[in-house]
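Note that ligands are numbered from 1 as they come in the structure, with each ligand's atoms numbered from 1 the same way. All figures in this text were calculated on a predicted structure; none of them were measured in a lab. Along the sequence shown, residues are numbered consecutively beginning with 1.
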Amino acid sequence: MPAAILVLFYLALTCAPLALSALQGLPPRPLRDELASGVALAGLAILLVEFALSGRFRVISGRIGMDVTMRLHQLLARAASALILLHPFLYSGPQSLRPGLTPPGSAPLNFDWPGLWPGIVAWLLLGAVMVMALGRDALYRHEVWRALHGIMALVMAGLGVLHATRAGRYSGDPVLWGFWWVLFAIAVLSLAWVYAVKPLMKARRPWRVSSVTRLADRTWELCLDPEGHKGLRYRPGHFAWISIGEPAVSLDENPFSIASAPAEGGRLRFVIKELGDFTNRLGQVTPGTRAWVDAPFGSLTLQRHDKAGGVALIAGGVGIAPMLSHLRQLDADKDPRPRVLFYANRAEDQIACREELDQRTQTGPLRVVHLLSDPPKGWTGETGFLTPDVLTRHLDAEALKTWVFVLCGPPPMLHAVENALLALGVSPRNILLEQFSYD
Ligand SMILES: Cc1cc2nc3c(=O)[nH]c(=O)nc-3n(C[C@H](O)[C@H](O)[C@H](O)COP(=O)(O)OP(=O)(O)OC[C@H]3O[C@@H](n4cnc5c(N)ncnc54)[C@H](O)[C@@H]3O)c2cc1C
């Protein structure tokens, strides 16, 4: 399904409550009251569709990218929260809330307690979820945040639907009533899929750690072997959610790009940088430890670019992981297309898999351009950041026009390089990008 159809589907779903309300043909109310209802209807619809934008559904994140899905999830959540938090203040005043004083011909709002309390609780919960989201990295472990976020969002959505269908002027109508409860059921099912069905499916396909090897400063290679099954079907550029030494049903999962190539067989390899709770402990994981893999995800794959004249891979730090997968598979396929890897690091001891990369330059059509922002004395490679000058020193006009560019690394670097490529005339369609954070 093309991304454009997904966007149209999204717009149709979130605008449907407004259209269904308009079709009811109720007599008009003061503009502020209509606005208050409209804002609440749109906010609730956006909120309910957020469950499908959790990043765990390949039909969405596979089309538009995981980082874009998560960014949209955050931005749309903020839009929905603003609409929902605002709507009680938009009603024109107590007179519009009291049946006796409602303008003639218009239906009164039903502000009885059974309809009101779910709205008040949902409204307060929404404020709490927002505050928690703002402090999520500083205050809790990521897994605690995920669990609380999912549970609170579901309770809030359920109460929101209860409030709309009991107190709303339009949502009591059978069609809109049914629409809300179907959307809520989909939200419940999507959480059940991620936290119950998927883990149970994972439990039938265990993995074992076969090795953990230091590759560079605070950077490890983790290898996993399938146990009793053939392994995973994936493409270079995909990533996996993995958990190690945990039960199959666990919130302790982290996303990592697959660095091995499908051509290597069942073994999965990952290149992982120490950053926090889980990654700092990786060096102590012993071979034989049970692991679980939920994959493949992501859109950093080349399948729509097999006509590209060449491949430019641009990695910052541990962003090398998906590039290794591409290089390994391209070589295994004996793909004759020219390729360049721009590999940016701060210091020389952070360069991972240097020998392997050197060897690939000798046996295949690969050039590697190392960049260091903090080079040692005597460094002969590029220095500083990946600027348009550096790019044009290594890529000719034909490459800028016909190659595909795959970018992965820290967000500031990615955006600077993306802008540089666009300024050099590279088509946005030829740029694939994935960042390792959702912010
Ligand atoms: C699509 C994708 C691919 C990635 N590929 C790689 C890779 O190949 N190699 C690599 O070293 N790193 C990769 N990362 C980053 C990696 O997931 C985080 O560094 C790791 O999860 C940090 O976990 P922690 O417990 O060590 O750190 P924590 O201290 O728990 O967290 C550090 C930061 O990592 C983020 N984070 C933590 N847990 C998760 C989680 N479960 N899901 C999403 N973000 C989380 C949070 O924003 C947090 O601020 C990737 C991230 C994404 C989103």
Subset of ligand 1 atoms that lie under 4.0 Å from at least one heavy atom of Leu275: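 So the answer, numbered in order with elements, is 19 (O), 32 (C), 33 (C), 34 (O).
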
Please indicate whether any nitrogen or oxygen in Phe436 is less than 3.5 Å from any nitrogen or oxygen in ligand 1.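 Looking only at distances, the answer is no, because the N/O contact criterion of under 3.5 Å is not met.
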
Would one find an N or O of Val271, backbone or side chain, under 3.5 Å from an N or O of ligand 1?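 Such a contact does occur with ligand 1.
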
Test item: Leu300 and Phe239 side chains (from C-beta on) under 4.5 Å apart, heavy atoms: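 SC-SC contact between Leu300 and Phe239 ruled out.
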
Under 4.0 Å, heavy atoms only, figure out whether ligand 1 is touched by the backbone of Ser257, its side chain, both or neither.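 Both of them.
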
Do Leu224 and Arg208 come within less than 4.5 Å of each other through their side chains, counting heavy atoms only?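 Not touching, per the 4.5 Å side-chain cut-off.
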
With respect to Glu221, which candidate in Lys273, Arg214, Arg269 satisfies the salt bridge (charged side-chain N to carboxylate O under 4.0 Å, His left out) definition?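 Answer to the salt bridge (charged side-chain N to carboxylate O under 4.0 Å, His left out) test with Glu221 among Lys273, Arg214, Arg269: Arg269.
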
Can Glu253 be said to touch ligand 1, with heavy atoms closer than 4.0 Å?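 Glu253: in contact with ligand 1 (<4.0 Å).
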
Less than 3.5 Å apart, which donor and acceptor atoms pair up between the side chains of residues 77-88 and the rest of the protein, not counting sequence neighbours?
from, atom 1, to, atom 2, distance (Å)
Ser81, OG, Ala77, O, 2.6
His87, ND1, Ile84, O, 3.0

Below 4.0 angstrom from a heavy atom of Ala321, which ligand 1 atoms are there? Numbered from 1 as shown, please.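 Once the distances to Ala321 are compared, the set is 8 (O).
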
For Phe239, counting its heavy atoms only, list the atoms of ligand 1 lying under 4.0 Å from any of them.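 Selected atoms, number and element: 1 (C).
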
At a 4.0 Å cut-off, with the gap strictly under it, does some heavy atom of Gly298 reach an atom of ligand 1?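 Outside the 4.0 Å threshold, so no.
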
Considering only heavy atoms from C-beta outward, does the side chain of Met323 approach that of Val406 to under 4.5 Å?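 SC-SC contact between Met323 and Val406 confirmed.
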
Does any N or O atom in Phe278 lie less than 3.5 angstrom from one in ligand 1, N or O only?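 In this structure, Phe278 places an N or O atom under 3.5 Å from an N or O of ligand 1.
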
So, does Phe256 sit close enough to ligand 1 that a heavy atom of it is under 4.0 Å from the ligand?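 The answer is yes: ligand 1 sits under 4.0 Å from a heavy atom of Phe256.
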
Which of the atoms of ligand 1 are close to Lys273, meaning less than 4.0 Å from one of its heavy atoms?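 Contacts of ligand 1 toward Lys273, numbered from 1: 10 (C), 11 (O).
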
At the 4.0 Å heavy-atom cut-off, does Phe297 count as touching ligand 1?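 The answer is no, since Phe297 has no heavy atom less than 4.0 Å from ligand 1.
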
For Asp294, run the side-chain hydrogen bond (donor to acceptor under 3.5 Å, both in side chains) check against Arg56, Lys202, Arg205 and tell me which one passes.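 For Asp294, the side-chain hydrogen bond (donor to acceptor under 3.5 Å, both in side chains) check succeeds only for Arg56.
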
Could you list the atoms of ligand 1 found under 4.0 angstrom from a heavy atom of Trp241?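 Checking each atom against Trp241, I get 41 (N), 42 (N).
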
Judged by modelled atom types alone, do Tyr234 and Ser260 share a side-chain donor-acceptor pair under 3.5 Å?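 Looking only at side-chain atoms, Ser260 and Tyr234 do form a donor-acceptor pair, the distance falling under 3.5 Å.
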
Tell me whether Thr279 has any N or O atom under 3.5 angstrom from an N or O of ligand 1.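 There is such a contact, yes.
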
Given side chains that start at C-beta, do those of Tyr10 and Cys15 come closer than 4.5 Å, heavy atoms only?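 They are not in side-chain contact.
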
Parallel, tilted or perpendicular: ring planes of Tyr343 versus His370, cut at 30 and 60 degrees: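 Because their plane-to-plane angle lies in the 30° to 60° range, the rings of Tyr343 and His370 count as tilted.
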
Using a 3.5 Å cut-off on N or O atoms only, is Gly276 in polar contact with ligand 1?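 Indeed, backbone or side chain, Gly276 has an N or O that close.
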
Contact (N/O only, under 3.5 Å) between Gln435 and ligand 1: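 For ligand 1, there is no N or O atom that lies under 3.5 Å from one belonging to Gln435.
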
Does the side chain of Trp180 pick up a donor-acceptor pair with the side chain of Ser171 at under 3.5 Å?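 Yes.
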
In terms of the angle between their ring planes, are His229 and Trp207 parallel, tilted or perpendicular, with boundaries placed at 30° and 60°?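 Plane angle over 60°, so perpendicular.
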
Which atoms from ligand 1 have a heavy atom of Val318 less than 4.0 Å away?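 Every atom of ligand 1 under 4.0 Å from some heavy atom of Val318: 9 (N), 10 (C), 11 (O).
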
